[in-house]
Novice: 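Have a look at this one before I ask anything.
Numbers for residues simply follow the sequence, beginning at 1. These figures come from a predicted structure and were not determined experimentally.
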Amino acid sequence: MLRVHDAIGQGASQREIGAALFGDDRAVRDWNDVSDSLRSRVRRLVYEAGAMARGGYRQLMRRKP
């Protein structure tokens, strides 16, 4: 999520983030795939990175084992 947050801050597109995280070959092959799994995964990471930046990390610190 930190890498995603940094990439968003630098203006990267979700496709560029997917290529950086999962490799150019997979991004080219799977980005427009019918299953949409790679795009969904990147969207979730973008959402979660934003949530963490808005203070969601505090909830992680409060969790009890």
Side-chain angles (χ1 to χ4, degrees):
M1 281 187 274
L2 291 173
R3 288 180 67 191
V4 171
H5 185 265
D6 289 344
I8 291 168
Q10 294 176 357
S13 69
Q14 289 187 7
R15 189 177 193 289
E16 291 169 332
I17 292 170
L21 294 175
F22 303 108
D24 289 326
D25 292 340
R26 182 163 180 209
V28 167
R29 183 182 69 237
D30 295 346
W31 192 255
N32 292 317
D33 192 42
V34 174
S35 74
D36 195 30
S37 64
L38 181 62
R39 289 175 48 193
S40 292
R41 192 169 180 185
V42 172
R43 278 194 302 265
R44 276 192 304 273
L45 285 169
V46 168
Y47 173 80
E48 291 170 357
M52 287 295 209
R54 290 186 300 274
Y57 67 91
R58 292 184 200 121
Q59 289 179 346
L60 286 176
M61 294 169 48
R62 291 183 192 146
R63 285 189 184 169
K64 295 182 180 180

Novice: List for me each residue that meets side chain to side chain donor-acceptor pair (under 3.5 Å) alongside Asp6, sequence neighbours excluded, and say none if there are none.
Specialist: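 Once residues adjacent in sequence are excluded, Asp6 has no partner under the side chain to side chain donor-acceptor pair (under 3.5 Å) criterion.
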Novice: Listed by chain and number, what are the side chain to side chain contact (heavy atoms under 4.5 Å, CB included) partners of Met52, not counting sequence neighbours?
Specialist: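 Residues passing side chain to side chain contact (heavy atoms under 4.5 Å, CB included) with Met52: Met1, Tyr57, Leu60.
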Novice: If you compare all heavy atoms of His5 against all heavy atoms of Ala53, which two are closest, and at what distance to 0.1 Å?
Specialist: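 Here His5 and Ala53 meet closest at NE2-CB, 3.4 Å.
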Novice: Identify, with sequence neighbours excluded, every residue that meets side chain to side chain contact (heavy atoms under 4.5 Å, CB included) alongside Ile17.
Specialist: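 Scan of Ile17 (side chain to side chain contact (heavy atoms under 4.5 Å, CB included), adjacent residues dropped) gives Val4, Ala7, Ile8, Ala12, Leu21, Val42, Val46.
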Novice: Suppose the criterion is side-chain hydrogen bond (donor to acceptor under 3.5 Å, both in side chains): which pairs have a residue in residues 17-28, not counting sequence neighbours?
Specialist: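 side-chain hydrogen bond (donor to acceptor under 3.5 Å, both in side chains) check on residues 17-28 returns Arg26-Asp30.
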Novice: Not counting sequence neighbours, which residues clear side chain to side chain contact (heavy atoms under 4.5 Å, CB included) with Asp36? List them please.
Specialist: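 Side chain to side chain contact (heavy atoms under 4.5 Å, CB included) list for Asp36, sorted by chain: Arg39, Ser40, Arg43.
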Novice: Looking at Ala27 and Gly18, what are the two nearest heavy atoms and their distance?
Specialist: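 Heavy-atom minimum between the residues: CB-C, 4.5 Å.
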